[in-house]
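Worksheet: the structure to be examined is printed underneath.
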Amino acid sequence: MEVLKGYIEHFVYRNAENGYGVANLVTEDMEIICTGNFKDADVGDTLEVQGVFVQHPVYGEQLKMTSFKVTLPDDAASMQRYLGSGAIKGIGEALAARIVKAFGDETFRIIEDEPERLAEIKGISEKKARDIAIQMAEKREMRDAMIFLQQYGISNTLAVKIFNKYGSRIYGILKENPYQLADDISGVGFKTADEIAGKVGIRVDSEYRIKSGILYALLQASLDGNTYLPMGLLVSKTIELLSSGPESVIDEEIVRTQISNLMMEQKLVCKGNDEVYSASYYYEEQGCAAMLDALNISENVTLAEEKERLERIIEMEKRRGIELDELQRDAVLKSISNGIVILTGGPGTGKTTTINTIISYYASQGLDILLAAPTGRAAKRMTEATGYEARTIHRLLEVSGQISEDDDSRSGGVHFERNRDNPLEADAIIIDEMSMVDIHLFYALLKALVPGTHLILVGDSAQLPSVGPGQVLADLIGSGKFPTIILQKIFRQAEESDIVMNAHRIHKGEKIVLNNKESKDFFFLERNDSGVIYKHMIQLIRDKLPGYMHASSYDIQVLTPMRKGPLGVLQLNQVLQEQLNPPSPSKKEHAYGDTIIREGDKVMQIKNNYQAQWEVVGKFNIVTDSGMGIFNGDMGIVREINEYSQDLVVEYDEHRRVRYLFSDLDEIELAYAITVHKSQGSEYPAVILPILGGPRMLLNRNILYTAVTRAKSTVCILGSRQTLDVMVENEDQLKRYTGLKERIINLFEA
């Protein structure tokens, strides 16, 4: 590792967003091109740089910087160079020379301690002297803070965030309550704050540490889909998190005391002495229940009116050449006379036909209807199935990309233009794939509706619940307070599909019928070795299925129940990338952590990013459309990697292109294989499902059913028949602690 001291003469290239730069660094002995993150370093700054020399194939020898710190110039020549560099506004080269000529090596001390003396220099007024002193003090303060934070292992980028938030208060905050960083700063979690606290010398039984640990335990629980934790479970998880050894001083009494304190601070809510919520989740559930109550208006319909409507529906069926069954007609009738209706059922039971009839009825009455789904893929499928434009719920609500400061906008802190003050204008709104909708998004949707709007919620309750917190569809159905139609009849065309028939067998806990010779869409290859499974999987993706399906290998999706293990997402993606998109001189690549991302790779966005900007580019690179927001589960292809500007471009559905800084690559991951959970709401021409073994909680009926129903035309299962049978029989699911059902029941029965 080389250590050099020099000043930045100029930047050859600089990315203002992520701080990456290519700088000409001048030392006593040489000039060298230096590359790396120069966040908050300016032309003229004197740096102490650590890095390694590398040979660039085009630009020759360079210093690849790993870290730097800004140091004050310590001689008159360096001071003159710094002041004349433009780092201090209002001082050019000529004025810098006059200042240093007057004060020599004392220049910086004079500026900091006796700034009024600058007025002795021709061209500097008293006001300008004060301004120069203020700028120098601000830069000194930033430099000192950066050096202070670096000793706690905080990166330059994160240090800038922290300083911009707190300014000079940072010293007191770190020494008194570093856990405040986890509350206030994006990118600082409990573990980072806890490491800092340990270095600062905060006691392990500090009130701040215990409170922060409690909130972190609830945050982790929400990532598993929970909106609350039972008191005992929260206490035990907090103790486990905070315990530093067998003689830990953190016990149940201490944790319960701080839970009570957090309740008094209104950061926690406890219902029934046992259900402990982060306050925002409780108020979201309570708010949803209240808004559902306001929307749940039932129309008093006479027998004559109902008969007239039924005749109109039957007439519509004749015109469209279809025939609804009794339950489907009941769903259409209820959607007309009720404020909220839930329509559920498995594949092939006629949900789409029912939706189309509801749309036709409303359209025939001259009424406005809006269609939406949680993901872009689901919205696209809805558009294709109905002939009406469907949007993602985020786009329906007009996500703005701003972070909301309104405490009542709890949908992940994001701001939607459609809300109580600017509601959606429609007579009816149909939401498909409701099993995917979490409590945040449902709360935001309900806020944008006014009583009198008909809300029709469609989904398959047998699928996995949402990735985000809550189990909204299951809780709505479980409350028993809304008209719910469960379609059960499998229509003749669907009966010809083994995918549909086996999905229903799985749902009922019956053995799957496997017949490779007769089936056209459901295949099983008994393979009991993971290496052999990989071999056949690659053959299917690369050679066999594209021709059989008349689709590309990109359209074939590998799904797996787990992330780790020989057939988990991490290992699968590594092998599949190597086989399906191998290294090539024509493809650029970038190493990020343990992952290599290469041009042509299939990737997935793994968190909602409401601020991400996308563009659709037409001929001659002209932007034809643009917008904001890329969401958890969106899949795309890496089109471009640029090491010079330190970013890459991913193209998503509908040709939307998003540019990612290398520092933001934790938002995407390889997606040749994804978990079944991440596949929700999507439909693929073909699904390959490797199943050999794993944790019992991940080998259950719910996961198998969801995986099979993601396939439009073909399912290929590779693995153990015994494991497959175990999954069908296993009804166990990871329990979610949610209270929306209880909030609805309590409110409606009050």
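Ser713 and Asp521 share no donor-acceptor pair across their side chains, judged by distance under 3.5 Å alone. Counted by atom type alone, Tyr282 and Glu275 present zero donor-acceptor pairs between their side chains at under 3.5 Å. If you check the side chains of Asn356 and Thr386, you find no donor sitting under 3.5 Å from an acceptor. Side-chain contact check for Ser552 and Asp555: at least one donor-acceptor pair (N or O, by modelled atom type) lies under 3.5 Å. Residues Glu285 and Thr227 bring a donor and an acceptor atom of their side chains to less than 3.5 Å of each other.
Proximity of Val458 to Ile355: side-chain heavy atoms (C-beta onward) are separated by under 4.5 Å at one or more points. The shortest distance between side-chain heavy atoms of Val603 and Tyr660 does not fall below 4.5 Å.
Look at Arg701 and Glu510 and you find no salt bridge, because none of the NZ, NE, NH1 or NH2 atoms lies under 4.0 Å from a carboxylate O. Taking a cutoff of 4.0 Å between a charged side-chain nitrogen and a carboxylate oxygen, Glu496 and Lys520 do not qualify as a salt bridge. One finds a salt bridge joining Glu651 and Arg639 here, because a Lys/Arg side-chain nitrogen approaches an Asp/Glu carboxylate oxygen to under 4.0 Å. Checked for salt-bridge contact, Glu599 and Lys587 miss the test: no charged N lies under 4.0 Å from a carboxylate O. The residues Lys511 and Asp725 are annotated as salt-bridged, a charged nitrogen and a carboxylate oxygen being separated by less than 4.0 angstrom. Looking at Arg696 and Asp732, a side-chain N of the basic residue comes within less than 4.0 Å of a carboxylate O on the acidic one, giving a salt bridge. A salt bridge is defined here as a Lys NZ or Arg NE, NH1 or NH2 lying under 4.0 Å from an Asp or Glu carboxylate O, and Asp325 with Arg329 fails to meet this definition.
When each of Leu559, Val726, Leu704, Thr560 is checked for a side chain to side chain contact (heavy atoms under 4.5 Å, CB included) with Ile691, only Leu704 meets the rule. Evaluated for a side chain to side chain contact (heavy atoms under 4.5 Å, CB included) with Tyr672, the options Met537, Met604, Lys602 yield exactly one hit, Lys602.
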Open item on the list: Let's go through Val513 and Arg505 carefully: what are the C-alpha distance in whole Å and the side-chain angles of both, what is the deciding distance for side-chain contact (heavy atoms from CB on, under 4.5 Å) to 0.1 Å, and is it a yes or a no?
Closed with: CA-CA 9 Å; Val513 174; Arg505 291 184 184 105; 3.5 Å; yes
TODO: Show your working on side-chain contact (heavy atoms from CB on, under 4.5 Å) between Leu692 and Thr723 and close with a plain yes or no.
DONE: CA-CA 6 Å; Leu692 196 55; Thr723 304; 5.6 Å; no
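The minimum heavy-atom distance between Thr675 and Arg563, with the atom names listed, is CG2-CG, 3.8 Å. Closest of all the heavy-atom pairs between Asn581 and Arg598 is O-NH1, 2.6 Å.
In the displayed structure, Asn516 atom CG is contacted under 6.0 Å by more than 12 heavy atoms of other residues, nucleotides or ligands.
A centroid separation of less than 6.0 Å is found between the aromatic rings of His440 and Tyr281.
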